[in-house]
Number of protein chains: 2
Amino acid sequence: MSKSATVVALGKGERTAAKIREVALDQFSRLGFERVTMGGIAAAAEVSQATLHYHFQDKDQLWRSAMLELSAVISEEERLLSAARDAPPIAQLRMAMRLFLQISWRHPALGRIVALEGMAGGERLDWLNQHLLGPRNRRLVDLARKAMDAGDLKPFPPEMLVVTLQAGAAGVINLAPLMRSAFGIDPDTEAGRAAHEDLILNALVQGLLADRSEIPEETR
Amino acid sequence: MSKSATVVALGKGERTAAKIREVALDQFSRLGFERVTMGGIAAAAEVSQATLHYHFQDKDQLWRSAMLELSAVISEEERLLSAARDAPPIAQLRMAMRLFLQISWRHPALGRIVALEGMAGGERLDWLNQHLLGPRNRRLVDLARKAMDAGDLKPFPPEMLVVTLQAGAAGVINLAPLMRSAFGIDPDTEAGRAAHEDLILNALVQGLLADRSEIPEETR
DNA sequence: AGTTTTCCTGATTTGATACTCAAAAATCAG
DNA sequence: CTGATTTTTGAGTATCAAATCAGGAAAACT
């Protein structure tokens, strides 16, 4: 092993491993764990299947390694948000929500992974919460609770905010195939993206109705 | 073949086929197409695997037959809504949205299926849109457009309403495992259900903020 | 009851996929 | 350049799930 110090050109091994992780992340996020095959990843990464097992023992470990590629995304979100540490909770929350949505768009893999595994449940979801999503979720819940205490947010279980937010992101990111199939609309355009971000945020924050009347109860 | 008229006790065959469809719908909605095995369905339905292939040729056809079990749910929604045919579009839309959410709760399979396949895309999603969801989606879009024309709804692509609504339902139904894993909250209780329905509907219709100030733009 | 038809099953085939391993090829240190 | 080390691979194994089929059980019919 090379003993030269921290800044080194990546060795051959680490370069192919990185390529594999990249391909794997893409496929896992678009197809979900089960529909991805080692063969498919190997082909897309232009290596043999055995190489996958050399660098990452098995499919599960490859999945985890691929997920960790997303750590940087979460960290960046954290960094941007910490700049507003001293703002009132409601302002931080708004910023956090917008950041959440923006990041969901810029890195669709993250949102898709959470939605896919969030529906399936199981060990992989637990792993995600423990290694990737935990701090982010706790921070959002915490902000929501503080904003609620300050009277700036309607009272509801603050954990719901995160799920609702995730679901809102899912609506336009993860359900893109649904939009295409059902309505022939392609949300993967820059114009579409901006419009949809505003729509979701507007919906969550201000609602969609032009007037302010109450929701009818007659159908309960 | 029995020639006796319309009202007959179901023959043995149709009874087991119904049992199989029921089990299949449950498993498909909870696990998604790939994670469900014919063996698993057979075991749960207490028949042999070969019986599945006798009644439904292959896994795809079984899936479709199971999905058609949900037609009744959609029809019931249609029936309830058509009673309000003469109300103003915005009132119909509100009713439709509440119905949509209520039905998502009462029949979680429907919402889960749409979310699961809506993320995956592909032939099964197209089939769902064509055979199950098409009319419902078109009706919602139509109502949204009319409400918009009447000035009762903020302007946005009306198709987004359906996806947003679906996503809202997904947030509490489909992402139940996420809620459990991330927050230790179980949304599968009657109290939880009612609270969540109100939350989503409030969010979509009126927004979550207690005040009415604008969304900040600084993070754009 | 006897006969025909429908229904169900065990055993098997076929196909796909994760994973292993010995050996070849590429890379690197001195 | 040379030998040691890392990396890659082709070929193969084991496992699991879908689909088939011929024969037998059950149901329906007369």
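A:R85 meets the salt bridge (charged side-chain N to carboxylate O under 4.0 Å, His left out) test with no other residue; sequence neighbours excluded. Here A:A24 pairs with A:F28, A:I41, A:L62, A:A66 under the side chain to side chain contact (heavy atoms under 4.5 Å, CB included) rule; sequence neighbours left out. Scored by the salt bridge (charged side-chain N to carboxylate O under 4.0 Å, His left out) test, B:R21 finds B:E14, B:E69 as partners (sequence neighbours excluded). Residues satisfying the side chain to side chain contact (heavy atoms under 4.5 Å, CB included) criterion with A:D58, sequence neighbours excluded, are A:D60, A:Q61.
Dashed line: the shortest gap from a side-chain N or O of B:T16 to OP1 or OP2 of C:dC8 is under 4.0 Å.
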Margin query: For nucleotides 9-20 of chain D, give me one character per nucleotide, 5' to 3': B if any protein heavy atom sits under 4.0 Å from the base, S if the only such contacts are to the sugar-phosphate, - if neither.
Written below: BB------SBBB
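Here C:dG30 sits opposite D:dC1 as a Watson-Crick or G-U wobble pair (both hydrogen-bonding atom distances under 3.5 Å).
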Note to self: Between A:L110 and A:L132, is the side chain to side chain contact (heavy atoms under 4.5 Å, CB included) condition met? List the steps.
What the structure shows: CA-CA 10 Å; A:L110 180 57; A:L132 204 64; 4.2 Å; yes
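Going from atom NE2 of A:H55 over to atom P of C:dA18 covers 18 Å, rounded to whole Å. At whole-Å resolution of the value, CD in A:Q61 and C1' in C:dT20 are 16 Å apart.
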Kindly list each side-chain donor-acceptor pair under 3.5 angstrom involving residues 118-128 of chain B, sequence neighbours excluded, with atom names and distances?
residue, atom, partner, partner atom, Å
B:R124, NE, B:E117, OE1, 3.3
B:R124, NE, B:E117, OE2, 3.4
B:R124, NH2, B:E34, OE2, 3.2
B:D126, OD1, A:S181, OG, 2.6
B:W127, NE1, B:H131, ND1, 3.3

